[in-house]
Amino acid sequence: MDLGLANKVAVVTGGSSGIGLATARLLLAEGARVAICGRNPERLSAAAKSLAAKPDALLAETCDVLDADAVNAFARKVTGWSGGRVDLLVNNAGQGRVSTFANTTDAQWREELELKFFSQVLPIRTFRPLLDGAPKPAIVAVNSLLSLQPEPHMVATSAARAGVQNLLKSLAAEFAPHIRVNSILLGLVDSGQWQRRFEARTDKAQTREQWFDALARDKHIPLQRLGVPDEPARAIVFLGSPAASYITGASLEVSGGVSRFI
Ligand code: NDP
């Protein structure tokens with residue numbers, strides 16, 4: 001199947017690690033030109049180097065997606081580099097917060113709500129004029145299964161992700177028929193954030209393999225393992241491609257079957 005991504009222009013927020021980096025790699029392999037961003041310049045330049053893209057196929061810019069001025073500056077750079085067109089926006093930047101209602105402060109609630117909503121709102125608002133100029137544009141948001149199946153130990157993340165899912169449904173209707181808007185709902189994917197949680201484990205005697213196996217067992221994942229970044233990346237690339245031309249307002253679960261609802 002031809003995904004129709006050759007020579008398309010894609011923007012991937014949080015493209016310097018994990019799922020975003022895997023998405024950028026797949027998009028480049030499909031012949032797309034890709035702009036990635038992240039906050040940490042060293043991580044970003046290491047990611048850019050690892051992508052080993054053809055000259056002019058990759059743009060890597062530092063940008064905090066919660067900073068409107070920085071997102072505007074990133075969009076200006078993308079405009080100069082792409083000639084003012086963006087075919088695909090992948091809103092992936094972010095991380096989860098592990099905390100219960102009892103131990104989440106007001107400041108942490110505000111921080112989490114801001115991260116989840118504004119990591120969508122600012123890039124979508126800023127890149128929309130560039131998407132409008134493309135023939136078959138799409139937005140893919142990386143969201144979590146927590147939006148539909150909340151976890152008390154990630155109370156703020158779960159609530160915020162549910163709101164984002166609701167927002168995306170409104171945008172799919174408002175932006176139709178020109179821009180398609182879809183999301184993926186992740187379970188557990190072995191990426192930067194799980195590596196950080198592994199490094200912070202209490203039982204340092206546990207090997208990486210033992211720790212991740214125990215995690216998959218504890219979470220009752222039917223496929224008995226965490227996902228790897230390429231697995232959600234393939235779903236993102238499909239939903240964002242012209243091959244998904246009749247799909248909008250949809251969400252695709254990429255979780256190894258961990259949801260318990262129908
Ligand atoms: P990683 O930590 O590997 O990657 C996160 C990426 O986002 C990095 O490139 C990071 O770079 C960037 N980033 C974070 N905050 C910002 C910001 N404010 N502005 C710009 N870039 C930012 O994690 P994943 O690949 O797992 O995460 C990708 C997305 O998937 C995240 O939104 C995460 O919440 C979500 N998710 C992941 C799950 C999982 O199990 N892995 C489960 C559910 C959701 P830098 O820090 O340099 O800015």
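Whatever order the structure lists them in is the order used to number ligands and atoms, beginning at 1. All values below were derived from every heavy atom in this structure, side-chain atoms included, with hydrogens, water molecules and symmetry-related copies excluded.
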Report yes if some N/O of [X] lies less than 3.5 Å from some N/O of ligand 1; otherwise report no.
{"X": "Val65", "answer": "yes"}
{"X": "Asn143", "answer": "no"}
{"X": "Leu66", "answer": "no"}

Does [X] come within less than 4.0 Å of ligand 1, judged by its heavy atoms?
{"X": "Ser119", "result": "no"}
{"X": "Arg196", "result": "yes"}
{"X": "Val142", "result": "yes"}

Check: Counting only heavy atoms not in Lys49, do more than 12 sit closer than 6.0 Å to its NZ atom?
Finding: no
Next item on the list: Go through the side-chain N and O atoms of Glu112 and Gln108 and say whether any donor and acceptor fall under 3.5 Å apart.
Entry: no
Margin query: Does the Lys NZ or Arg CZ of Arg208 fall within the cation-pi geometry relative to Trp211 - under 6.0 Å from the ring centre and within 45° of the axis?
Written below: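 So Arg208 doesn't make the cation-pi contact.
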Give the contacting part of [X] toward ligand 1: side chain, backbone, both or neither, where contact means a heavy-atom distance below 4.0 Å.
{"X": "Lys116", "result": "neither"}
{"X": "Cys63", "result": "backbone"}
{"X": "Arg43", "result": "side chain"}

